[in-house]
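Any value given below was found using the heavy atoms of this structure, including those in side chains, with hydrogens, waters and symmetry copies removed. Residue numbering restarts at 1 for every chain, and letters A, B, ... go by the order of the sequence lines.
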There are 2 protein chains.
Amino acid sequence: MASHVYIDRIGEHVGESVTVKGWLANRRSSGKIHFLVVRDGTGFLQVVMGKKDVDEATFARADHLSQESAVIITGTVRADERAKGGYEMIATGMEVVSEAHDFPITPKEHGVDFLMDRRHLWIRAERQTAILRVRHEVINAIRDFFNGEGFTLADTPIFTPAACEGTTTLFPVQYFEDTTAYLTQSGQLYNEANAMALGKVYTFGPTFRAEKSKTRRHLTEFWMVEPEMAYATLDDVISLAERLVASVVGRVLDRRQKELKVLERDTSKLENVKAPFPRLHYDQAAKILIEKGLPFEVGGDLGGTDETVLSEQFDRPVCVTHYPAAVKAFYMKPDPAQPDRALCVDVLAPEGYGEIIGGGQRLDDYDLLVERIKAHGLPMEAFEWYLDLRRYGSVPHGGFGMGVERCVSWICGLEHVRETIPYPRMLYRLYP
Amino acid sequence: MASHVYIDRIGEHVGESVTVKGWLANRRSSGKIHFLVVRDGTGFLQVVMGKKDVDEATFARADHLSQESAVIITGTVRADERAKGGYEMIATGMEVVSEAHDFPITPKEHGVDFLMDRRHLWIRAERQTAILRVRHEVINAIRDFFNGEGFTLADTPIFTPAACEGTTTLFPVQYFEDTTAYLTQSGQLYNEANAMALGKVYTFGPTFRAEKSKTRRHLTEFWMVEPEMAYATLDDVISLAERLVASVVGRVLDRRQKELKVLERDTSKLENVKAPFPRLHYDQAAKILIEKGLPFEVGGDLGGTDETVLSEQFDRPVCVTHYPAAVKAFYMKPDPAQPDRALCVDVLAPEGYGEIIGGGQRLDDYDLLVERIKAHGLPMEAFEWYLDLRRYGSVPHGGFGMGVERCVSWICGLEHVRETIPYPRMLYRLYP
């Protein structure tokens, strides 16, 4: 019996008789020959089935087989430059495992809501599998980067007793009878404790924001990687961010050309993503925005449009630093040279994709941190453990968070983050 | 200026003057020499500070420096077989970054509650960092294994609209004004959809069970890896599980001897963990339990004690198969040869650590699945999308889930899973 091979490795079996196990993605016929496009999760393969190459019943069945029917096809692999992927199969036999009737997602156009309601089936589409494989590559590239730089993965909790940055965007969970837990918005505070124990750490998991935003950049559940380093300054943080982004983009370019082609991504724009990235002080950013005629108020945070306009000025990501401390989180360290500014950095992706990274150096002074917690009206008792990090061996330290979905969206060149994760969760989307 | 090096790489700098940035873990003095044990997150290093080698103020300060004070020490690296790790440093200078006063976790014994309340500080202890580094290695070994076998990482959602296996152990989340979401207990159902799209997939993330158990094996928030394969049988699933476990244990043995030594782990028991593992039909398992005099009821599920007793019969993990379908989840495929049995497998770790893997072949027949959903009293409408997987191109498929914390607990030889994750969440534990 011919051995089972996956389509992405079929090129290693030219001239051999092998078996492919998959689903019928498409077919057409010229009477004496059926052209079956079979997918098996690793790729799409054209199978040529000649009337004389298979028995009569098989040939007849193939002529009526419906989209997404499960099929096991045996045949000989042939190199063919004209074929998608460079290979095709000449069928010698076919077993129908199960027939699908009226698969709802046909090659015609469908509306987004229709597709999102059928996300569990939509992900079988060539474009969607390409995006999900880029996501897989991005995540693995991130992990390999940090592991290679000597970071230790230290998971931070999903259930947290208190808010890290305000309570309006928290999801509450009933934790047994009489306790409320909140789903994490960021592992950062715990990350800081982990960095004091393990030196250089990262946490990588789902985070949650109950934002009522319906923009193309927001999900309620999204994955974030957050590195944190003891004995680090803002410069170390920026340098790490640059190397990470360049490494991830380089790896996708290196290993996922096939997928980027399916997505019709202009890869020349990704080729530019090399460290170092341009750096822009907040004041310079403000100047650009005002010159461009945007209604930007100096002293305020950057909005989505501001980020888009700034990012369009550069051919690679840009690092915006030194935001006003007032618009940033309580744990940011003020710049000693300009105490109303935070030692922070946001990395904006090019092509208008906006912020993909936010981070900076953390406030390591006990008294100042207490002052900030009070000024932000946060409950002191919830932060006692966090204050311990300043009581016992406080050191300069910093890190950042990078959102996976925004990163994938940019690298794939997508309109909306909803296609970057198998089952996106949004304001009005909890199914399937 | 001497360059900054991490302690785990200090052996590459013998004879050189380098700088270590860390915290004082311990010290003793013989009057003319201080012996300072410094930790930097990557390891512990003995620093020898002679009175004649540093200035007077530095020497005096080192004599009164308290545990966990942050220090930057410069000195010459020397190989010394008697020293922990094989190297020590002869100090030539020291900068105190910050002093810690009365660090609460001293070398004396502390109670578990005391330590758990200070988990953010407890993780600095040598034993805890060793466990967390083994956890890091286990997680990376799992990911490398699946990536190497051609699996695609496809994240399943944390917010789910319905229960996968009963509602009593679900955590409800208020999802905006008028919706309730539930935190995932398993990504499996979504994993099945992903396998039909991508062939071989895995999901790896936190899962949640509101179990009121206070056993040494339970956390409310724990990490689980779940592979799922299209066109796979129970045998494929068992084989995958064996290779995974053997690969993970082998990698920890290969790369984490230092940590296993800190944990005083008897590694000879881990050396036995080679595939294939013994397989035990449920009926054979029942026979053993009854022969051992346990009050085991044939037809029922295995309890914690049953698992412990069974696992103690073997020198490596054991695969128990063919449990009664009645005690397993609705989505398990019945054995065609014995329809009251499920085509399932639980892998029990040796040394009494119990179940680390549960999985099997899934029910791929539409009519039978509908029947099962009804028989289990589950809401049909919530499973419509899941039924689609049987409507459109159903194929034999299967997979399993492996709990990270139980795995780490076994490999490290721990008494309780609570030490296997930085911030364990349990019935009465949500802080820090």
Among B:Val201, B:Leu183, B:Asn147, which residue has the highest count of heavy-atom pairs closer than 4.5 Å to chain A? B:Asn147
Can you tell me which of B:Glu192, B:Glu137, B:Glu99, B:Lys200 forms the most heavy-atom pairs within a distance under 4.5 Å of chain A? B:Lys200
Closest non-hydrogen atoms of B:Tyr392 and A:Pro104, given as atom of the first, atom of the second and distance, are CZ-CD, 3.6 Å
With A:Thr420 via side-chain contact (heavy atoms from CB on, under 4.5 Å) - residues at least two apart: A:Glu405, A:Val408, A:Ser409, A:Leu414, A:Val417
Please flag which part of A:Phe204 lies under 4.5 Å from any non-hydrogen atom of chain B: side chain, backbone, both or neither. backbone
Nearest heavy-atom approach of A:Thr152 to B:Leu132 is CG2-O, 4.5 Å
Could you please state which residues from residues 423-432 of chain A sit under 4.5 angstrom from chain B, measuring non-hydrogen atom to non-hydrogen atom, sorted by number, or 'none'? A:Tyr423, A:Arg425, A:Met426, A:Leu427, A:Arg429, A:Leu430, A:Tyr431, A:Pro432
Find the one option among A:Arg143, A:Glu68, A:Gln174, A:Arg135 whose heavy-atom pairs under 4.5 Å with chain B are most numerous. A:Arg143
Heavy-atom pairs under 4.5 Å with chain B - which of A:Val71, A:Asp144, A:Thr179, A:Ile158 has more of them than the others? A:Ile158
Looking at every heavy atom in both B:Ser394 and A:Ala70, which two are closest together, and how far apart are they? O-CB, 3.9 Å
Value for OG1 (B:Thr220) from OH (A:Tyr175), rounded to nearest 0.5 Å, stands at 3.0 Å
Under 4.5 Å, counting heavy-atom pairs only, tell me which of B:Asp102, B:Leu389, B:Asp8, B:Asn194 racks up the most with chain A. B:Asn194
Checking heavy atoms, do the side chain of A:Pro206, its backbone, both or neither come under 4.5 Å from chain B? side chain
Residue selection (most heavy-atom pairs with chain B, distance under 4.5 Å) from A:Trp23, A:Phe103, A:Phe159: A:Phe159
Starting at CZ of A:Arg119, measure out to CH2 of B:Trp385 and round the result to the nearest 0.5 Å. 13.0 Å
I'd like to verify something: which residue of A:Glu384, A:Arg39, A:His4, A:Arg133 has the highest number of heavy-atom pairs under 4.5 Å with chain B? A:Arg39
Note: A:Arg118-B:Asp388 ion pair, threshold 4.0 Å (strictly below): no
Part of B:Asp155 within contact of chain A (heavy atom distance under 4.5 Å): both
Considering all heavy atoms of both residues, which atom of B:Ser98 and which atom of A:Gly393 are nearest to each other, and what is their separation? OG-C, 3.4 Å
Among B:Thr203, B:Leu153, B:Val97, B:Asp40, which residue has the highest count of heavy-atom pairs closer than 4.5 Å to chain A? B:Leu153
Contact winner vs chain B - A:Ser66, A:Ala100, A:Ala154, A:Gly199, heavy-atom pairs under 4.5 Å: A:Ala100
Flag side-chain contact, heavy atom, 4.5 Å: A:Phe208 against B:Val173: no
Pick whichever of A:Ala181, A:Ala193, A:Ser69, A:Gly43 has the most heavy-atom pairs under 4.5 Å with chain B. A:Ala193
Taking only residues two or more places apart in sequence, or in another chain, which ones meet A:Leu24 in a side-chain contact (heavy atoms from CB on, under 4.5 Å)? A:Arg27, A:Leu36, A:Leu65
Write out, in numerical order, the residues from residues 122-131 of chain A with a heavy atom short of 4.5 Å from a heavy atom in chain B. A:Ile123, A:Arg124, A:Thr129
Counting heavy-atom pairs under 4.5 Å with chain A, the top scorer among B:Ile421, B:Asn140, B:Asp364 is B:Asn140
